[in-house]
Amino acid sequence: PRKYSLETLASNVRDYLGVSFKQQFNFQSADKAFKSWRHALEEAGVFTFKDSFKDRFLSGFCIVHDYYPVIMVNNSTSFTRQIFTLMHELGHILYGVNGVTDVDESYLEFLKSDEQKIETQCNRFAAEVLVPTRIFKTDIPFFEEEGENAIPDLANKYSVSREVILRRLLDFKLIDNDYYITQSEEWNKDYVRSKKEATGGNWYLTKMAY
């Protein structure tokens, strides 16, 4: 993948997974979006699993393998975060690097420079797969007209978190880094699903399914 530009790599991945923009814009909910992306990954040979981690702010990890790559997602996080985790960890697999990802990106400052680079690249890859540059360009006039009020609408359109939309706006230099950091920190709490949302169903059957 290193020989491709990020846009080309992300576009090739989308084509291989077979998820069209028409499908994505008709997901209707983050839950359905996650299930669709997960199914596409499993059809492509990437084994995906979910469980509730004791550390609720650990969003997931992956294990790189030539034949049986694995992605593990923290079920305690919101569905939009789970979607981003799938793609971030897929980036790790494509780059051939095992990864463990935290919800709060402040952990990046404690990594070595080469580790920071791969984490940043995987974040950019995930955002490019979910909100491709060539499509997002058509949404820029809407943001320029509505300002920050457009962010929730754009997030719903792509079935992603508001933070992913912020990433794209930062990429296009439509917001500055300080605004991105401030808003991301404020919205991080949305990643952890509330107890009310997380409860329901048969606990034993759910664990057995995982």
Side-chain angles (χ1 to χ4, degrees), residues 10-44 46-52 56 59-60 71-91 101 103 123-169 171-172 183-184 186-202 205-206 209-210:
S11 178
N12 289 346
V13 166
R14 282 193 68 113
D15 289 343
Y16 191 80
L17 294 178
V19 178
S20 68
F21 294 112
K22 182 178 180 181
Q23 286 175 282
Q24 184 175 1
F25 295 155
N26 284 282
F27 281 150
Q28 297 182 332
S29 73
D31 181 10
K32 291 180 180 178
F34 172 79
K35 290 176 180 176
S36 296
W37 285 115
R38 182 185 185 184
H39 177 72
L41 283 176
E42 291 179 336
E43 287 291 299
V46 179
F47 296 84
T48 64
F49 301 93
K50 293 175 57 172
D51 205 347
S52 296
R56 296 192 302 162
S59 60
I71 293 175
M72 189 75 173
V73 176
N74 186 357
N75 192 45
S76 296
T77 58
S78 68
F79 286 114
T80 53
R81 181 62 193 186
Q82 291 179 43
I83 293 168
F84 188 82
T85 299
L86 281 178
M87 295 307 159
H88 177 96
E89 301 305 334
L90 178 61
T101 309
V103 165
N123 281 340
R124 292 181 60 219
F125 167 78
E128 183 66 37
V129 170
L130 296 169
V131 186
T133 295
R134 65 185 181 88
I135 302 299
F136 190 66
K137 283 181 179 178
T138 64
D139 294 310
I140 290 178
F142 176 57
F143 173 76
E144 291 176 332
E145 181 179 342
E146 298 294 329
E148 64 181 21
N149 293 329
I151 295 175
D153 290 334
L154 292 173
N156 288 333
K157 175 181 178 178
Y158 290 92
S159 295
V160 297
S161 67
R162 292 170 294 178
E163 196 264 349
V164 173
I165 299 301
L166 281 179
R167 286 180 191 276
R168 300 273 64 193
L169 294 173
D171 291 339
F172 282 92
Q183 292 300 313
S184 294
E186 180 181 339
W187 293 341
N188 269 345
K189 62 180 180 292
D190 294 342
Y191 287 151
V192 181
R193 297 165 66 191
S194 66
K195 290 183 178 180
K196 182 177 180 181
E197 180 186 354
T199 55
N202 184 302
L205 290 179
T206 300
Y210 289 162

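Excluded from the calculations below are hydrogen atoms, water molecules and symmetry mates; all remaining heavy atoms, backbone and side chain alike, are included. All values derive from a computational prediction rather than experimental measurement.
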Closest heavy-atom contact between [X] and [Y]?
| X | Y | result |
| --- | --- | --- |
| Asn74 | Gln82 | O-CG, 3.7 Å |
| Ala33 | Ser159 | CB-CB, 3.6 Å |
| Val129 | Ala10 | CG2-CB, 3.7 Å |
| Thr77 | Ser59 | CG2-CA, 4.4 Å |
| Gly60 | Thr85 | CA-CG2, 3.9 Å |
| Leu130 | Arg14 | O-NH1, 4.1 Å |

Residue pair [X] / [Y], side-chain heavy-atom distance below 4.5 Å:
| X | Y | value |
| --- | --- | --- |
| Ser161 | Phe84 | no |
| Thr48 | Phe34 | no |
| Phe172 | Phe136 | yes |
| Phe125 | Val13 | yes |
| Leu86 | Leu90 | no |

Checklist entry - Is atom CZ of Phe142 surrounded by more than 12 heavy atoms (other residues, nucleotides or ligands) closer than 6.0 Å? => result yes
Report the distance from atom [atom1] of [X] to atom [atom2] of [Y], rounding to the nearest 0.5 Å.
| X | Y | atom1 | atom2 | result |
| --- | --- | --- | --- | --- |
| Leu17 | Gln23 | CG | CD | 10.5 Å |
| Thr80 | Arg162 | OG1 | CZ | 8.5 Å |
| Ile71 | Phe47 | CD1 | CZ | 11.5 Å |
| Glu163 | Arg167 | CD | CZ | 4.0 Å |

Checklist entry - Does the side-chain contact (heavy atoms from CB on, under 4.5 Å) test come out yes or no for Gln24 and Trp37, once each step is laid out? => result CA-CA 9 Å; Gln24 184 175 1; Trp37 285 115; 4.1 Å; yes
Next on the checklist: Do the side chains of Asp31 and Lys35 get close enough for a salt bridge, i.e. N-O under 4.0 angstrom?
Outcome noted: yes
Next on the checklist: Suppose the criterion is side-chain hydrogen bond (donor to acceptor under 3.5 Å, both in side chains): which pairs have a residue in residues 148-157, not counting sequence neighbours?
Outcome noted: Asp139-Lys157, Glu148-Tyr179
Next on the checklist: Show me the pairs that pass side-chain hydrogen bond (donor to acceptor under 3.5 Å, both in side chains) and involve residues 128-137, at least two apart or across chains.
Outcome noted: Glu128-Thr133, Glu128-Arg168, Thr133-Arg168
Item to check | Whether Phe25 and Tyr158 hold their rings parallel, tilted or perpendicular, with breakpoints at 30° and 60° | outcome: perpendicular
